K.L.:
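Sharing a structure, written as structure tokens. Questions coming.
Within every chain, numbering begins at 1; the chains are lettered A, B, ... in the order of the sequence lines, protein sequences first and strands thereafter. Note that the coordinates shown come from a computational prediction; the quantities given were computed from them, not determined experimentally. All heavy atoms count here, side chains included; hydrogens, waters and symmetry mates do not.
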Amino acid sequence: MIDDVLANPLRHLKDSIIELILNALRNRCITDRLRGYLYLIIQEPPRKEFGDLAIPLPRLLTSCRGMDLRELASLIINSVGGSSLISRAEASGSYLNFFINTRTYGSLVLKAVRELGDRYGVPKADRPKRIVVEFVSANPIHPLHIGSGRNAVIGDFISRLLIASGHEVERRYYVDDVGLQTAYLAYGYLKLGKPEPPSGIKPDHYYGMIYAATVTVIDVLKLRNELQKAKELGDYARIKELNSRVDELMAHLQRLRDKVRKEVDKLIDELSGEEDPEASVKALMKAYEAGRPEASVIREVAEKVLEGIKETLQTLGVNIDRWDWESDLFREGLVRDVLGRAKEASNYVLHKGVPALDFKYLLQDKGLREKLRVPKGLEVPPLILVREDGSTLYTTRDIAYTLKKFKEFRADEVINVIAVEQTLPQTQLRLALHSLGFRREAENTIHYSYEMVRMSGASMSSRRGVYVTVDEVIGRMNELVKEIMQLRGGNDDTLPLKVARSAFRYMMLSTTPSKVLVFDISRALDRKQLSGPYLQYTYARAASVLRKANGVPWDKVSFEYGVEGLRRDLLWLVGAFPEVMSKTLEKLEPDDLIGHLNRLSDTFNRWYDQEPIAKEPNEVLRALKLFITEGVRLSLKVGMGILGMDVLERI
RNA sequence: GGGCCCGUCGCCCAGCCAGGAUAGGGCGCCGGCCUUCUAAGCCGGUUGUCGCGGGUUCAAAUCCCGCCGGGCCCGCCA
């Protein structure tokens, strides 16, 4: 067990200040609940001149009756001598500012960095849990687009963070092969005589176009039927509307035809001769769900698409531990079990004539709403379990899948990284689990929600084959990085991809997951906007300095000259790194970490430009500078590792 | 119509949950710095009625109410 003081210098510093304040106020104020509150409000001043940490005083007055600000301030200031970590405190406006004693605090950070090495800053979970993280789970009908890319990067970040902190994590990808979408693809695939992708085209890209073409051709045929009826009725307004919709679809089809001409032509030809292609697709879906062999073509083509997706994930550096096929849930009898159990549930109803679970009664229980994290004000309609034709719905299968995840991994917690638009079905999932008697599972199924990625300009549509793929973005970033590297005279072939994918990850993580990310390809490919490489560059620079200096002469490091200016800022930032990581683990959000690494890099680069490090003539000062550089290097290494960015010794 | 989220410099984004010190970065634009530890860097300059209107408070970008604008959800799709 790592000593807490060692593991987190800033936390220790905060604790000392809080202790000092509590001691100073003990006889004059109500200090019962002050500790937690102080921890909440203790903050870094906006500018370093004010001090290192500050407390807004007026907030304390409520606990100290009959005292004024000045009295309160002097009471605390007078007891500062009690801590060796604090050199002084001064009141300024409504704040009380604390200045660290760089000798004692510096030694604390030094010890931590030296002893922990590249474990520095890695938080330790209080109670290690077994956690399943389900993410990506893109349907096996097209390549990963940038929305799935965001999911992949976020899910991977969460997994890395949880694993590093000591949790047992299993990363799972849910292959959604049951349902209409894969049936459409398989139908088109069959009609085309099971074509293989031409050389040079990845299977996910190729079959993605086949999927879009199949759906679009069927939609056109449906519209043409309606058009025929409208013509018979002489409904001109309707005719006009339908014509414009057909034109729109034809434009999409034309675009697809530019890429896979023969396939599109053949699909139009084949499907026009069919009486009711949509019915055939549905029949195929039902046959697949029933496990009939003639429908195995669905799995066959889904496997091919998945190969392409796996390649993309590998490029991204995202690892998946288990691939769960939705169709296996049927084979294993899990869906049947869920349906059987549902029939016994007290909230089982027939809704519009089909089996459903009704949550009206459950939702009246405020405590339960909170426990199951039902969003405030959200109305939850009954969850329909089975279609009229007997086939199941997505959320029904998800109940079975969730139970499988808990059971197989003996999980304490299941985190589903799923876009915000699925808030309702994810809520229904938890309510359904609860209704079926799986209370522990319901309470520990977490929907990690993130906002969608939108393209600037057009909107994405996989049904029409309109999307920006992860492959395309990373590929073009890779080209851009190669160009830049050539200009700089680099010659390492493996580097550009590592830089490009890190840039992609950084881009996807630098907007808070809960905010819509508007993706602009030209902006993404602007070399000035590539901010991920900045961190990699700074790391390589620090590493290079340390290489030239043959590492840190630890025993010579001393704070006897004091630490001021940028060196002091850097010492502070290095000391704060574990606290940032600990907050990141608590919130499971990347923004604080990214912000901290940026600040650290900015400060380091400025410092690097101002004074020599390895070339510093004074031996003692040189040792101090190298130690600071090592602290920066380690923080960047650990932080970037959690973000899933490649840590490069040279760039 | 109901619910949730978002609106901060020309553009992208942080700060809001736990109200407090002249509202921070990045991009852009203008001007500088490579014989010296990696110039994907650094320095200087430029840019803001924090969507609008009320309210609470000693103090509001931050909390509350209303409005306006944008997104998402409200399916026998996923």
K.L.:
Closest-nucleotide mapping onto RNA chain B: is A/P533 or A/P375 further toward the 5' terminus? I mean the 5' end.
P.N.:
A/P375

K.L.:
Between A/F50 and A/Y95, does the side-chain contact (heavy atoms from CB on, under 4.5 Å) criterion hold? Intermediate values first, please.
P.N.:
CA-CA 9 Å; A/F50 293 137; A/Y95 286 92; over 6 Å; no

K.L.:
With sequence neighbours excluded, what pairs up with A/T216 under the side chain to side chain donor-acceptor pair (under 3.5 Å) test?
P.N.:
A/R464

K.L.:
Scan A/E483 against the nucleic acid and name what it touches under 4.0 Å (heavy atoms): base, sugar-phosphate only, or nothing.
P.N.:
nothing

K.L.:
Roughly how far apart, to the nearest Å, are B/G19 and B/U62 at atom P?
P.N.:
12 Å

K.L.:
When the P atoms of B/G20 and B/G1 are compared, how many Å lie between them, rounded to an integer?
P.N.:
35 Å

K.L.:
Applying salt bridge (Lys or Arg N to Asp or Glu O under 4.0 Å), which residue pairs with at least one partner in residues 516-533 of chain A are found, sequence neighbours left out?
P.N.:
none

K.L.:
I need the OH-C1' distance between A/Y450 and B/C5, as an integer number of Å.
P.N.:
16 Å

K.L.:
Report the residue (A/V386 or A/S514) whose heavy-atom-nearest nucleotide on RNA chain B is the more 5′ of the two.
P.N.:
A/S514

K.L.:
Is the glycosidic torsion of B/C37 within 90° of 0, making it syn, or is it anti?
P.N.:
anti

K.L.:
Looking just at side-chain N and O atoms, do A/E326 and A/Y174 make a donor-acceptor pair shorter than 3.5 Å?
P.N.:
yes

K.L.:
Name the stems with RNA chain B in them: runs of three or more consecutive Watson-Crick or G-U pairs, distances under 3.5 Å?
P.N.:
B:1-7 with B:68-74, B:10-13 with B:24-27, B:28-33 with B:41-46, B:51-55 with B:63-67

K.L.:
Residues in salt bridge (charged side-chain N to carboxylate O under 4.0 Å, His left out) with A/R650, at least two apart?
P.N.:
none

K.L.:
With heavy atoms under 4.0 Å as the rule, sort A/K376 into base, sugar-phosphate or nothing.
P.N.:
sugar-phosphate

K.L.:
Check this for me, if you would: do A/R567 and A/E611 make a salt bridge, where the nitrogen-to-carboxylate-oxygen distance has to be below 4.0 angstrom?
P.N.:
yes

K.L.:
Residues two or more places apart in sequence or in another chain: which of them pass ring pair (Phe, Tyr, Trp, His ring centres under 6.0 Å) with A/Y467?
P.N.:
A/H142

K.L.:
What integer distance in Å separates A/Q181:CD from B/G75:C1'?
P.N.:
14 Å

K.L.:
Any salt bridge (Lys or Arg N to Asp or Glu O under 4.0 Å) pairs touching residues 381-392 of chain A, not counting sequence neighbours?
P.N.:
none

K.L.:
Select base, sugar-phosphate, or nothing to describe what A/M485 touches, counting heavy atoms under 4.0 Å on all strands.
P.N.:
base

K.L.:
What is the distance, to the nearest angstrom, from the CD atom on A/E589 to the P atom on B/C13?
P.N.:
16 Å

K.L.:
Can you name the residues that form a side chain to side chain contact (heavy atoms under 4.5 Å, CB included) with A/L362, not counting sequence neighbours?
P.N.:
A/N347, A/F359, A/L368, A/L431, A/H434, A/S435

K.L.:
Using atom C1' of each nucleotide, how far apart are B/G71 and B/C33 to the nearest Å?
P.N.:
45 Å

K.L.:
How would nucleotides 14-21 of chain B be written as a contact map, 5' to 3', with B for base contact, S for sugar-phosphate-only contact and - for no contact, using protein heavy atoms under 4.0 Å?
P.N.:
S---BSBB

K.L.:
Are any of the side-chain nitrogens in A/E616 or A/K625 under 4.0 Å away from the carboxylate oxygens of its partner?
P.N.:
yes

K.L.:
Which value, in whole Å, describes the distance between the P atoms of nucleotides B/C68 and B/G28?
P.N.:
38 Å

K.L.:
What's the gap between B/A21 and B/C58 when it is taken at their C1' atoms, as a whole Å value?
P.N.:
15 Å

K.L.:
Report the residues that fulfil side chain to side chain donor-acceptor pair (under 3.5 Å) with A/T511, sequence neighbours left out, ordered by chain and then residue number.
P.N.:
none

K.L.:
The side chain of A/L378 is closest to which nucleotide in this list: B/A40, B/C5, B/G3?
P.N.:
B/G3

K.L.:
Which residues pass the side chain to side chain donor-acceptor pair (under 3.5 Å) test with A/Y450, sequence neighbours left out?
P.N.:
A/N151

K.L.:
Provide the distance between the two P atoms, one in B/C52 and one in B/C11, to the nearest whole Å.
P.N.:
15 Å

K.L.:
For the pair made of CD in A/E421 and P in B/C72, what is the distance, rounded to whole Å?
P.N.:
9 Å

K.L.:
Output yes when at least one side-chain N/O atom of A/R606 is less than 4.0 Å from OP1 or OP2 of B/C43, else no.
P.N.:
yes

K.L.:
Measure from CD on A/E388 to P on B/G75 and round the result to the nearest Å.
P.N.:
17 Å

K.L.:
With a 4.0 Å cut-off on heavy atoms, is A/R463 in touch with a base, just the backbone sugar-phosphate, or nothing at all?
P.N.:
nothing

K.L.:
How would you list, by chain and number, every residue that makes a side chain to side chain donor-acceptor pair (under 3.5 Å) with A/R501, sequence neighbours excluded?
P.N.:
A/D646

K.L.:
With a 4.0 Å cut-off on heavy atoms, is A/Y534 in touch with a base, just the backbone sugar-phosphate, or nothing at all?
P.N.:
sugar-phosphate

K.L.:
Salt bridge (charged side-chain N to carboxylate O under 4.0 Å, His left out), that's the test. Do A/R299 and A/D328 meet it? Break it down for me.
P.N.:
CA-CA 11 Å; A/R299 176 118 182 187; A/D328 289 348; 3.2 Å; yes

K.L.:
When we call it a touch if two heavy atoms are under 4.0 Å apart, what does A/P381 touch: a base, just sugar-phosphate, or nothing?
P.N.:
nothing

K.L.:
Between A/E451 (CD) and B/G7 (C1'), how many Å, whole number?
P.N.:
14 Å

K.L.:
Considering only atom C1', compute the distance from B/U46 to B/U38 and round it to an integer number of Å.
P.N.:
30 Å

K.L.:
Reckon A/E379 touches a base, only the sugar-phosphate, or nothing at all at heavy-atom distances under 4.0 Å?
P.N.:
sugar-phosphate

K.L.:
Measure the distance from CG on A/L424 to P on B/C5 and round it to the nearest whole Å.
P.N.:
15 Å

K.L.:
Send over the distance from A/R373 CZ to B/C4 P, rounded to a whole Å.
P.N.:
18 Å

K.L.:
When the C1' atoms of B/C9 and B/G25 are compared, how many Å lie between them, rounded to an integer?
P.N.:
12 Å

K.L.:
Go along nucleotides 23-37 of chain B 5' to 3' and tag each nucleotide: B for a protein heavy atom under 4.0 Å from its base, S when only backbone or sugar atoms are that close, - otherwise.
P.N.:
----SS-------SB

K.L.:
Side-chain donor or acceptor of A/R650 under 3.5 Å from a matching atom on the base of B/U38?
P.N.:
no

